[in-house]
Amino acid sequence: MQAKQAYNHFTTNLINHTANFINNNFDFNIESNQNLQIKQMPFMQIELFAEQSFQRHYSVVITMLNDEQFQGKFISQVTKNKYVFKINSAFFKIAMLDQIKSINLV
């Protein structure tokens, strides 16, 4: 019985310390209700910025209509309004220009 209580105490401490470490050292934007207030760019400007960013291999931040932001590069143009956006070596996103709110250089 005493060993079981010690094990439970150890496990509880381990979980609490791990959770505290994650909370103190990593920002996952959990429970973040930020109002970014980024204005919608005109569609022609989004087309122009996407085209230039793709051709010149610029690193950009794209803000989607739902205020999600992704940093990376346009690496391939599928159609005039659809690009493959590389976020990092393991994550890619199909970026449809009509779903993008703004494009900003990093």
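- Evaluation of the side chain to side chain contact (heavy atoms under 4.5 Å, CB included) rule for Gln45 yields Met41, Pro42, Phe49 as partners, not counting sequence neighbours.
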Walk me through whether Asn81 and Glu47 qualify under side-chain contact (heavy atoms from CB on, under 4.5 Å). CA-CA 7 Å; Asn81 295 320; Glu47 284 181 320; 3.2 Å; yes

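- Remark: Asn104 engages Ser102 in a side chain to side chain contact (heavy atoms under 4.5 Å, CB included) (not counting sequence neighbours).
- By the rule that hydrophobic residues join a cluster once side-chain heavy atoms approach within less than 4.5 Å of another member, Ile103 and Leu105 end up as members of one cluster.
- Between the CE atom of Met64 and the CD1 atom of Ile100 there is a distance of 5.0 Å, given to the nearest 0.5 Å.
- Atom CG of residue Leu97 and atom OG1 of residue Thr79 lie 8.0 Å apart, to the nearest 0.5 angstrom.
- Qualifying side-chain hydrogen bond (donor to acceptor under 3.5 Å, both in side chains) partners for Gln77, counting only residues two or more places apart in sequence or in other chains: Tyr83.
- If you chain together hydrophobic residues whose side chains sit under 4.5 Å apart, Ile75 and Ile94 fall into the same group.
- Clustering of Ile, Leu, Val, Met, Phe, Trp and Tyr side chains at separations under 4.5 Å places Val106 together with Val61.
- Taking CD of Glu51 as the reference point, atom CZ of Arg56 lies at 10.0 Å (rounded to 0.5 Å).
- In this structure Asn13 satisfies the side-chain hydrogen bond (donor to acceptor under 3.5 Å, both in side chains) test together with His9, sequence neighbours excluded.
- From Ile46, atom CD1 reaches atom CG of Asp98 across 9.0 Å, with rounding to the nearest 0.5 Å.
- Partner Thr63 forms a side-chain hydrogen bond (donor to acceptor under 3.5 Å, both in side chains) with one of Lys101, Glu68, Gln40, Gln69 and no other, that one being Gln69.
- Val84 approaches Phe92 most closely through the heavy-atom pair CG1-CD2, 4.1 Å.
- The side chain to side chain contact (heavy atoms under 4.5 Å, CB included) test applied to Phe85 returns Val60, Ile62, Phe70, Phe74, Ile87, Lys93, Ala95, not counting sequence neighbours.
- Phe10 CZ to Ile15 CD1: the interatomic distance, rounded to the nearest 0.5 Å, is 10.0 Å.
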